[in-house]
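Remember, predicted model here, so these are calculated numbers, not experimental data. Side chains are part of it too, since the values below use all heavy atoms of this structure and drop only hydrogens, waters and symmetry mates. Chain identifiers are assigned alphabetically (A, B, ...) following the order of the sequence lines, protein sequences preceding nucleic acid strands; residue numbering begins at 1 within each chain.
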Amino acid sequence: MFLKAKKEISKIIAEATGLTQEEAFSSLEMPKGEFGDLACKAAFLLAPKEKKAPAQIAAELIPKLKKHKFVEKAEAMGPYINFFFTEKFYVDALKDIMKKGKSYGKGKKKGKAMVEFPSVNPNKPWHAGHLRNAILGDSVARVLAHSGWDVESIDYIDDLGLQVAQSLWGYMHLGNKPSGKFDHWLGAQYVEVAKRMETDQKVQAETRELLKRMEEGNNDISKKARWLAEECVKAQYATDFSYSIFHSGLIFESDIVHTIFHEGLDMVKENNAIVLEKEGKNAGCWVVKLGEKFQKMQDPDKILVRSDGTATYTGKDLIFQLWKLGKLKGKFKYKPFIKQPNGEEAFATGGTAPKPFGNSDMVVNVIGSEQIYPQEVIREVLLRLGYGKDAARYVHLAYEHVTLPDEKFSGRAGTWKGYTADELLEESVRRAKEKISKDVPESEKDKIGRAVGEAAIRYSFVRTTPEKKLIFKWEEALSLEGNSGPYLQYAYVRARKIMEKTEEKPSISAKYKFQPEEKKLIRELCAFPELVERSASAFRPHMLADYSYMLSELFSRFYNLCPVLKAEEDVRKTRLGIVKSFETVLGNSLTLLGMPLPEKM
RNA sequence: GGGCCCGUAGCGCAGCCUGGACAGCGCGGCAGCCUUCUAAGCUGUAGGUCGUGGGUUCAAAUCCCACCGGGCCCGCCA
């Protein structure tokens with residue numbers, strides 16, 4: 001509704017100024033202070049053409065502006081034209097939000113998008129770093145879905161890597177019985193094997209042999225490795241679920257190798273996107289020649305197939321990405337893998353049933369920024385194959401890694417111990433539970449603690465823009481006050497509580513005179529749909545985190561200044577509408593960030 | 001040699017895409033507010049050469065160039 005009004009007003013401005021409607025639209029902004037409800041800076045644009053001072057232009061434009069039903073008055077304030085809305089605008093805005101409810105902010109249908117995350121090796125528990133990837137990916141998937149995309153969240157499971165071979169060796173030879181959570185146990189085996197491999201030639205040789213058998217497939221070792229990987233992923237997904245992170249499908253690398261890899265490689269070869277090197281240091285390899293594009297790089301050519309015929313990581317990834325974009329005939333067969341708490345089954349490759357995964361109009365890969373170059377290589381190959389449109393919608397959502405204050409997380413060295421996603425949540429929940437007021441019954445404390453603890457971590461990870469390094473510190477990750485996840489939940493719970501305390505239905509009075517802090521809050525509620533859109537098209541969920549915080553801040557102010565239940569009838573019913581609208585919009589926003597909405601705190 | 005990212009208050013961040021009304025927020029500091037819809041809250045206050053230097057512009061944290069500091073990448077590893 002607000003967006004519609006904005007468009008109508010930009011049309012009026014366009015008529016008065018001779019600007020295009022698009023120019024007029026983008027000259028509109030939400031003013032910061034007490035400068036009305038909508039500000040227009042078109043006078044700046046016109047100043048060079050008309051050779052007059054912007055302030056003079058703004059003043060002269062006022063009488064030329066046609067009336068709009070929501071505009072009470074338009075006045076020039078220096079170079080700005082500030083629009084002040086009628087009370088009717090606020091009435092209609094609240095009605096609109098209440099009518100739309102959960103679908104408020106939902107965008108028009110856009111097509112199919114596949115989001116890949118977090119693709120953790122299936123041989124150890126997730127640590128804080130994997131968690132950042134997963135929270136980012138899950139949030140982006142949620143935001144894209146709300147903005148109108150039909151989203152499939154995919155996880156790539158590298159069950160053919162050296163890491164799994166090492167873990168398998170440990171499983172077979174270290175003689176330890178699995179105990180506790182499987183991923184934690186397996187991770188411990190892996191660290192031990194990795195240590196031994198550095199010095200022990202025998203372990204090295206045996207691990208290599210295991211890896212070879214795994215790659216060959218169809219043998220006892222490969223079956224055992226696959227089983228081990230699946231067990232580990234199931235354990236990792238218990239963590240996944242505890243953070244409300246969900247997937248539609250899991251694609252195992254062993255299935256990529258056996259189902260689509262050769263077809264994909266042949267296609268790339270036939271189209272001359274890659275060449276077989278006859279001489280030089282890459283003799284015998286299939287490479288993408290990138291000397292022209294990346295002229296000054298030390299080694300711009302990228303090997304996709306080694307001289308021994310095996311594929312590199314980028315080689316396999318390229319074929320996988322071609323599958324995502326629907327460029328291959330080969331189809332995976334799926335099996336039900338794990339039932340998720342959101343009620344949906346996640347499917348894994350390696351079964352017997354077809355599924356409509358893939359054929360995506362857009363691909364978003366949540367991968368560390370250290371892989372910018374190989375991802376660029378894949379985009380370049382797409383272009384060379386003539387898939388220009390797909391290349392434009394092939395998105396590498398590059399994020400910076402999480403580190404400890406003094407060291408990096410290393411799977412091999414085991415520096416993740418003490419910082420697994422499970423341990424973070426456990427500690428966060430513990431701290432959250434300590435704060436729950438004494439009158440809440442013990443039976444509910446656990447539920448609330450989980451919701452709050454989870455939100456604290458999700459928020460602290462998602463609120464920073466992805467390209468910023470994140471140094472993990474307990475106090476910051478688990479903050480329960482100020483700009484934190486629980487602050488947002490608290491505002492939500494307070495709104496909810498007001499609604500619960502009365503039987504009365506909200507009803508916006510046409511005669512109501514809105515207070516300034518109410519107007520500010522409602523204006524911000526109106527911004528939600530545009531924000532979803534911007535957040536989706538930039539793949540930046542932190543914009544919604546920022547927005548949710550601002551909204552909660554405005555609500556807290558309203559809460560302190562404007563009594564609801566104690567007010568007179570007209571005021572009360574209208575304010576109930578404000579509370580209800582806030583609850584709706586913040587609820588929608590938090591849901592897009594995967595943050596649970598507690599009933600009380 | 002080349003490429004990418006980061007640099008905003010003591011600390012942690014938003015704003016940069018699309019230049020414009022006093023650069024916002026949290027933590028920490030200081031001073032207040034609970035017999036009033038939950039104080040995980042609110043109010044006030046102190047704290048800033050927006051890394052540095054140039055340029056473009058009526059106007060630069062925002063765009064361009066150079067430099068400085070930190071991180072990452074250019075592997076027949078993944």
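Ion pair A:E380/A:K289 not flagged as a salt bridge, since none of the NZ, NE, NH1 or NH2 atoms sits closer than 4.0 Å to an Asp/Glu carboxylate oxygen.
Here B:G1 sits opposite B:C74 as a Watson-Crick or G-U wobble pair (both hydrogen-bonding atom distances under 3.5 Å). Using N1 to N3 plus N6-O4 or O6-N4 for Watson-Crick, or N1-O2 and O6-N3 for G-U wobble, each under 3.5 Å, B:G47 pairs with nothing.
Distances shown here put every side-chain N or O of A:R494 at or beyond 4.0 Å from the OP1 or OP2 atom of B:C42. Between B:G41 and A:R557, no contact under 4.0 Å exists linking OP1 or OP2 to a side-chain N or O. Contact annotation: A:Y399 does not reach the phosphate of B:C72 (side-chain N/O to OP1 or OP2, under 4.0 Å). Contact between the side-chain N/O atoms of A:K473 and the OP1/OP2 oxygens of B:C11 is not found at any separation under 4.0 Å. Proximity of A:K468 to the phosphate of B:C6: no side-chain N or O atom is located under 4.0 Å from OP1 or OP2. For the pair A:R575 and B:C37, the criterion of a side-chain N or O lying under 4.0 Å from OP1 or OP2 is not met. For B:G15, the OP1/OP2 oxygens have a side-chain nitrogen or oxygen of A:H542 closer than 4.0 Å.
Between A:P48 and A:P31, the one whose closest nucleotide on RNA chain B sits nearer the 5' end is A:P31. Summary of the strand contacts: A:N121 and A:S26 both lie near RNA chain B, and taking for each the nucleotide with the nearest heavy atom, the more 5' one is attributed to A:S26.
Under a cut-off of 6.0 angstrom, the local environment of CZ in A:R412 is sparse, with at most 12 non-hydrogen atoms contributed by other residues, nucleotides or ligands.
A glycosidic torsion no more than 90° from 0 defines the syn conformation, and B:C34 adopts it.
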- Query: side-chain hydrogen bond (donor to acceptor under 3.5 Å, both in side chains) between A:E400 and A:S369: does it pass, once the steps are laid out?
  - Reply: CA-CA 6 Å; A:E400 280 290 342; A:S369 63; 3.1 Å; yes

